[in-house]
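Step one of this worksheet: look at the structure below.
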Amino acid sequence: MRLIEELVGSFKDQELALPIWYENESLKVLDQTRLPFEEKIYTFTNVGQLGDAIRSMMIRGSGAIGICGAYGILLAALKSNGNTQAVREAAKLLKSTRPTAVNLMKTVDEMTSVAEGSGEELIVNVEKKAVEILKRQLEFEYDLGSHGANLIEDGDTIMTHCHSGAFGGAGYGGRALSVIRTAHEQGKNIHVYTCETRPYLQGARITALELKKFGIPHTLITDNMSGFCMREGKIDKVVVGSDRVAANGDLANKVGTYMHALAAQEHNIPFYTATSSHTIDFSTVSGESIEVEMRDAAEVTHFKGIPTAPEGTEALYPSFDITPHHLITGIITEKGVVSVPYETNLKKVIDQENVFQK
Ligand SMILES: CSC[C@H]1O[C@H](OP(=O)(O)O)[C@H](O)[C@@H]1O
């Protein structure tokens with residue numbers, strides 16, 4: 001049995017919701033565009049299929065597409081019998097799919113950095129690295145969930161945005177839902193307000209599904225209700241996910257995050273992003289340098305192909321926005337929570353264990 005098969009087998013012993021997994025020299029991928037009403041699994045036998053799935057958001061979420069970087073390179077190595085050129089081409093293809101989430105870029109680079117030799121030697125090298133990455137990303141979710149749950153008090157109502165959960169991560173709870181799930185599993189009596197997150201509806205379709213699956217009480221709101229809910233005193237804390245954190249703490253996350261952060265500041269509501277050190281991009285000085293993916297405007301004027309606006313209506317779809325660090329109360333990571341003035345470069349801060357609240 002291959003190492004990767006042993007690892008996936010071990011996942012079955014944990015209560016995970018996997019977005020992707022290895023099986024019989026192919027990749028099984030849950031089609032998230034069909035959630036919550038259908039859990040359709042596709043079998044991919046080449047990286048081109050995986051690339052198309054990432055572009056079309058069949059698989060999405062910075063954590064989940066991060067592990068696609070590991071699985072995709074492993075599949076390329078297996079299908080090419082350990083051919084270096086095939087691995088290089090797979091790396092280029094995967095990194096071209098979506099620009100904002102840094103995890104995908106990082107995991108592809110981690111995998112290609114060990115793609116030495118050829119044949120079975122290369123396959124063994126990349127398989128070991130894939131197993132290391134998959135184990136690490138899942139451990140991150142447990143650890144950041146634990147540190148983040150320390151911020152959650154019994155009776156809290158927590159707002160979240162988009163889907164930063166298991167199907168968007170490594171299978172436990174992604175980022176934001178790792179914090180929320182852990183607090184719930186600690187017995188804290190919490191309630192979640194999940195924003196539907198137009199136009200893909202990650203919140204209505206996937207976050208609500210996962211919170212139901214985890215048994216966590218929740219209320220669905222539209223994105224434009226966040227200010228009302230905060231002003232009415234319904235929200236105690238905001239916890240969102242992350243696609244890329246710049247070296248100064250600026251956050252790239254699903255479009256709408258910035259709007260919620262502004263409202264939270266107005267109402268003195270703590271605003272946290274749940275992330276991992278792997279999502280902090282120390283080579284990007286600030287949020288201004290993060291590329292925001294512009295998706296097809298048809299995703300705004302249509303839902304599942306059904307028009308929601310008059311024919312010919314122009315639309316805009318920035319898939320992410322940038323929340324400046326001064327609006328963020330703390331960055332929750334697997335190492336702890338960083339709540340320090342971000343005048344200092346995060347690189348210096350995050351390497352100093354002592355700054356983390358345990
Ligand atoms: C585990 S954090 C997931 C992160 O990714 C989402 O974006 P998308 O659905 O477009 O991949 C969103 O920004 C979430 O916060």
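Whatever order the structure lists them in is the order used to number ligands and atoms, beginning at 1. Owing to the predicted nature of the structure, the values given are computational and were not obtained by experimental measurement.
- The residues Lys135 and Glu139 are annotated as not salt-bridged, no charged nitrogen and carboxylate oxygen being separated by less than 4.0 angstrom.
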Please give the N or O to N or O pairs under 3.5 Å between ligand 1 and the protein, distances rounded to 0.1 Å.
from: ligand 1; atom 1: 5 (O); to: Ser62; atom 2: N; distance (Å): 3.4
from: ligand 1; atom 1: 5 (O); to: Asp243; atom 2: OD2; distance (Å): 3.1
from: ligand 1; atom 1: 9 (O); to: Arg60; atom 2: NE; distance (Å): 2.9
from: ligand 1; atom 1: 9 (O); to: Arg60; atom 2: NH2; distance (Å): 3.1
from: ligand 1; atom 1: 9 (O); to: Gln202; atom 2: NE2; distance (Å): 2.9
from: ligand 1; atom 1: 10 (O); to: Arg98; atom 2: NH2; distance (Å): 2.8
from: ligand 1; atom 1: 10 (O); to: Lys254; atom 2: NZ; distance (Å): 2.7
from: ligand 1; atom 1: 11 (O); to: Gly61; atom 2: N; distance (Å): 2.8
from: ligand 1; atom 1: 11 (O); to: Arg98; atom 2: NH1; distance (Å): 2.9
from: ligand 1; atom 1: 13 (O); to: Asp243; atom 2: OD1; distance (Å): 2.5
from: ligand 1; atom 1: 13 (O); to: Asn253; atom 2: OD1; distance (Å): 3.3
from: ligand 1; atom 1: 13 (O); to: Lys254; atom 2: N; distance (Å): 3.1
from: ligand 1; atom 1: 15 (O); to: Asn253; atom 2: OD1; distance (Å): 2.6

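- Applying the salt bridge (charged side-chain N to carboxylate O under 4.0 Å, His left out) test to residues at least two apart or on different chains, the pairs with a partner in residues 272-284 are Arg244-Asp281.
- Checked by atom type and distance alone, the side chain of Asn189 never pairs as donor or acceptor with a backbone atom of Gly155 at under 3.5 Å.
- For Phe320, the ring-ring contact (aromatic ring centres under 6.0 Å, His included) criterion is met by no residue, not counting sequence neighbours.
- In the model, Thr182 has a side-chain atom that pairs as donor or acceptor with a side-chain atom of Tyr172 under 3.5 Å.
- Pairs passing the ring-ring contact (aromatic ring centres under 6.0 Å, His included) check and including a residue from residues 12-53, sequence neighbours excluded, do not occur.
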